[in-house]
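Some notes on the structure that comes next.
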There are 2 protein chains.
Amino acid sequence: MFRINKLTDYAVVLLVDMARTQRVRAAHDIAAETGVPVPTVAKVMKALVRGGLVRSTRGASGGYVLARPADRIVMADMIEALEGPIAMTACVDHADDGCEREGFCPMAGHWNRVNHAVRRALVGITLADVAGSCHPPVWANRASQGSGTSTGPRDSGGAVYLASE
Amino acid sequence: MFRINKLTDYAVVLLVDMARTQRVRAAHDIAAETGVPVPTVAKVMKALVRGGLVRSTRGASGGYVLARPADRIVMADMIEALEGPIAMTACVDHADDGCEREGFCPMAGHWNRVNHAVRRALVGITLADVAGSCHPPVWANRASQGSGTSTGPRDSGGAVYLASE
DNA sequence: TAGAAATGGGACTGATTTGGTCCCGATTTG
DNA sequence: CAAATCGGGACCAAATCAGTCCCATTTCTA
Ligand code: FES
Ligand code: FES
């Protein structure tokens, strides 16, 4: 029903990986381990840093680490970091610019209810939950082999949706 | 966080309008009352009919009516009708085509949890809820005046997002 | 029976968003 | 100083979306 950005999908994959190995690692390193193309990792990381989910260290031997423990990073954070600001239709409270139709809008701010319901759902799931009971990185071995650039994804249709049932 | 199609937004507006006046009305009629351009109403209605939310009558004096009472139409229905099938990433159960990465995917089907959480939220809100405590169609008067074609929306940014807060 | 009124199903095009890649300046290590 | 990294965009190709139109089909009404 809702479509989630492919980049957001990647973000979750990277975050899960970071949640496992709690230490500073360079982007290319994370890329190798997850199979996500390096430039893409870089792009996603930028967003993640801006969103405050990840802390970066510059300079040689720099890299990225989770900014807080995995159980304090929720789904909503991740999605927001990648998907940008947010605000549902002009109808939503957030639209600070204000909606000129508000006075005669048949919805009259009822999207808000939907918004909050969904957000509540998304706040209820932490990175720890998602990374949790997962098989150890079996695939870590497979990394750094392959044709170099685009080993990983790209095959599976990719983009993320919201389940129907 | 999630972006909702503009068409889906329109769909909700139209459904709310239909929920109020429970009788068969032609597309152009509904268009006039809501301010949504006629061709767009037609397009949305087609999706709504295919989705089984609305029943159509063809021929002269035909039109559209809600297929069931408003309190039995949930947000998830509306969104699914417009946004198509659904399934979140290849990771999701639904992806019947099966995901070849499943064996070594760091998420290992955990999107499912997210999916279901969101869907549950969306199933909990009915059209009746949304249309409910709303001011009467004040704006109905404003209809059918204006330059004819694109009176209504188009001004407000339009597309729908999911609230951040 | 003929004609008008509606929906059904697509085709089509322009605009917008995404996905992915690169480049270059800033920062830190050693 | 040189090497390793991140930071911030610019950029372009591909996919999606939005919005319009057109024409066949169905049904009511004169
Ligand atoms: S269109 Fe702005 S309040 Fe609904
Ligand atoms: S990518 Fe297919 S199961 Fe995760």
May I have the distance from His28(B) (atom NE2) to dG8(C) (atom C1'), rounded to whole angstrom? 17 Å

Among dT21(C), dA4(D), dC28(D), which nucleotide has an atom closest to any side-chain atom of Ala60(A)? dA4(D)

Taking only residues two or more places apart in sequence, or in another chain, which ones meet Pro69(A) in a side-chain contact (heavy atoms from CB on, under 4.5 Å)? Asp71(A), Arg72(A)

Step-by-step side-chain contact (heavy atoms from CB on, under 4.5 Å) determination, Met45(B) to Met18(B): CA-CA 11 Å; Met45(B) 282 310 187; Met18(B) 296 176 76; 3.4 Å; yes

Which residues share a salt bridge (charged side-chain N to carboxylate O under 4.0 Å, His left out) with Arg68(B), sequence neighbours left out: Asp77(B)

Whole-Å gap separating P (dT18(C)) and CG (Asp9(A)): 15 Å

Checking Ser61(A) now: which residues fulfil side-chain hydrogen bond (donor to acceptor under 3.5 Å, both in side chains) with it, not counting sequence neighbours? none

Are side-chain heavy atoms of Thr40(B) and Tyr10(B) found at a separation under 4.5 Å? yes

Checking Thr21(B) now: which residues fulfil side-chain hydrogen bond (donor to acceptor under 3.5 Å, both in side chains) with it, not counting sequence neighbours? Arg25(B)

Side-chain N or O of Tyr64(B) versus OP1/OP2 of dG8(C): is the shortest distance under 4.0 Å? yes

Any chance you could lay out the side-chain contact (heavy atoms from CB on, under 4.5 Å) test for Leu14(B) and Thr34(B), step after step, and finish with the verdict? CA-CA 7 Å; Leu14(B) 299 183; Thr34(B) 55; 3.6 Å; yes

Note: contacts of residues 41-57 of chain B with DNA chain D (heavy atom, under 4.0 Å) are Lys43(B)

Of the candidates dT29(C), dA18(D), dG20(C), the side chain of Lys6(B) sits closest to dA18(D)

Have a look at the helix from dT1(C)-dA30(D) to dG30(C)-dC1(D) and give the angle its two end axes make, five pairs each, rounded to 10 degrees. 20°

For atom OH of Tyr10(A) and atom P of dG19(C), their distance in whole Å: 9 Å

Of Leu7(A) and Arg25(B), whose closest DNA chain C nucleotide lies nearer the 5' terminus? Arg25(B)

Quickly work out the Glu83(B) CD to dA15(D) C1' distance and round it to whole Å. 15 Å

Atom CG of Asn5(B) and atom C1' of dT18(C): how far apart are they, to the nearest Å? 14 Å

Considering just the side-chain nitrogens and oxygens of Thr40(A), establish if one lies under 4.0 Å of OP1 or OP2 belonging to dT21(C). yes

Identify, with sequence neighbours excluded, every residue that meets side-chain hydrogen bond (donor to acceptor under 3.5 Å, both in side chains) alongside Thr126(B). Asp129(B)

The residue, Arg58(A) or Pro39(B), whose nearest nucleotide of DNA chain D is more 5′ is Arg58(A)

Could I get the full list of side-chain contact (heavy atoms from CB on, under 4.5 Å) partners for Ala117(B), not counting sequence neighbours? Ala121(A), Ile125(A)

From C-beta outward on Pro37(A), which listed nucleotide comes closest to its side chain: dG7(D), dT21(C), dT20(D)? dT21(C)

